[in-house]
Amino acid sequence: MMDDATGQQQFEHHFKAAPSFSVRSPGRINLIGEHIDYCGGLVMPMAIAQSTQGWYRFNGTSKIRIYSTRFETVTVFNPHDVIQPPRGTWEDYVQGILNLGAHRQIGRGFDLWVTSDLSAGGLSSSASFLGLLALINHHALTGESVDLIDVSQRLTLALLCRQVENQFIGVPSGIMDPASVLIGGLVTLDCRTLQFNRLQPIPASHRLVIMDTGVPRTLAASGYAQRVAEISAIDAQIARVNPTAAAKRYSGLATLTLDAAEATLSLLKSDVLKARARHIFSEQARVEQAALTLAQQDMEGLGRLMNDSHQSLKIDYEVSCPELDLITQLSRASGLALGSRMTGAGFGGCAISLVPVSRLEAHQALVANAYEQQTGIKPRLLVSEVADGAAITAC
Ligand code: GLA
């Protein structure tokens, strides 16, 4: 995390004036409830200390100038320009927010210096960046003291971020990541109703360790879209026998009752679709269980659910990869972690393990060494810390 003085200095260096506000938007891990947010499921994300950070000021023009440390250049956006089709770069996110977030009509320009320590895959760097842009955009539009925006406004901004991903960037992602980034903390989030419960943090005796496999999420975009399409195919088959389900805009597959879930499994002829549906139903049940184990501080129980979740994502949903399987397996086999699973979309990126504090160092050494020996890749293991939702502070 960058300290405020350095951020302000960097801003001044590039924009020759002092910033008026700083803004921080966290990344997230997901404890459990993977690949069910786009089926209306219950998920358990946790906002983390790693974040996107920015310093900005309104510049009195309609232009937006952004310096990103990742690309070491200032890019200028004119909100009234013709919208460019997405080009697969970070500028797409800015354009998407300006376009869908009503900024084009207002055009209140700002200078922004932005940095991030969310380089590992699977920690939701894009939702974090979008959350930061959505907050600044909201500030520009309303002039409101954004540190006071309430939960429903935060969820509205999360929906905007999702819309940018879905409609502008072209990734059919769910609501979990932007919602987590904007509401912060550890929560259960019902992705159908957007109701959420703030949960007690993991007890101080245990930590969630983030394990970066160092493997880029190569198939993430195409594999993810393929899974979403498979869920639509399942929905279409349900709709054929139950026409009222056909009108729904988003899938509600994860919300089916036990009976309806069983009927769906016997309806599906394709083994692949059956397996996908099996993951959705079992993962939803695991999240409900996980909320109970957490409330009872039953860490062993939580660990077992995490292991089962990984297995289901590997076998039934097929979104893991050899390195995620290896690192989680090494973590479990060490006998030092209570549970381990991939987190996020999969196909590379990060896994998480639940580890008692007294065993953190031994776990880190054992897993990192064995993983490096077998893959030639040095993994990064870091102990996660829970963080608040995205926020703006006056400088
Ligand atoms: C990505 C998506 C989320 C969610 C996860 C998998 O992070 O952005 O919406 O689907 O994958 O749980």
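It should be emphasised that the depicted structure is a prediction, and the values quoted were computed from it without experimental measurement. Indexing begins at 1, ligand by ligand and atom by atom, following the structure's order. Both backbone and side-chain heavy atoms feed into the values below; hydrogens, waters and symmetry mates do not. In what follows, residues are counted from 1 in the order of the sequence shown.
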Requested in this report: Please confirm whether F21 and H139 have ring centers closer than 6.0 angstrom.
Outcome: yes
Query raised in the report: Under 3.5 Å, is there a donor-acceptor pair linking the side chains of Q284 and E288?
Result: yes
**Report entry** T328 and S340: side chain donor to acceptor below 3.5 Å
**Finding:** no
Query raised in the report: If you measure from CG on L302 to CD on Q297, what distance do you get to the nearest 0.5 Å?
Result: 11.0 Å
Query raised in the report: For S312, which of E283, E34, R278, R286 qualifies under side-chain hydrogen bond (donor to acceptor under 3.5 Å, both in side chains)?
Result: R286
**Report entry** C350 to L324 - nearest heavy-atom pair and separation
**Finding:** O-CD2, 3.6 Å
Does ligand 1 have any N/O atom under 3.5 Å from a protein N/O, and what are those pairs and their distances?
{"unit_1": "ligand 1", "atom_1": "7 (O)", "unit_2": "R28", "atom_2": "NH2", "d": "3.0"}
{"unit_1": "ligand 1", "atom_1": "7 (O)", "unit_2": "D177", "atom_2": "OD2", "d": "2.7"}
{"unit_1": "ligand 1", "atom_1": "8 (O)", "unit_2": "D177", "atom_2": "OD2", "d": "2.7"}
{"unit_1": "ligand 1", "atom_1": "9 (O)", "unit_2": "D37", "atom_2": "OD2", "d": "2.5"}
{"unit_1": "ligand 1", "atom_1": "9 (O)", "unit_2": "G174", "atom_2": "N", "d": "2.9"}
{"unit_1": "ligand 1", "atom_1": "9 (O)", "unit_2": "Y224", "atom_2": "OH", "d": "3.3"}
{"unit_1": "ligand 1", "atom_1": "10 (O)", "unit_2": "D37", "atom_2": "OD1", "d": "2.7"}
{"unit_1": "ligand 1", "atom_1": "10 (O)", "unit_2": "Y224", "atom_2": "OH", "d": "2.6"}
{"unit_1": "ligand 1", "atom_1": "11 (O)", "unit_2": "A345", "atom_2": "N", "d": "3.4"}
{"unit_1": "ligand 1", "atom_1": "12 (O)", "unit_2": "E34", "atom_2": "OE2", "d": "2.6"}
{"unit_1": "ligand 1", "atom_1": "12 (O)", "unit_2": "H35", "atom_2": "N", "d": "2.7"}

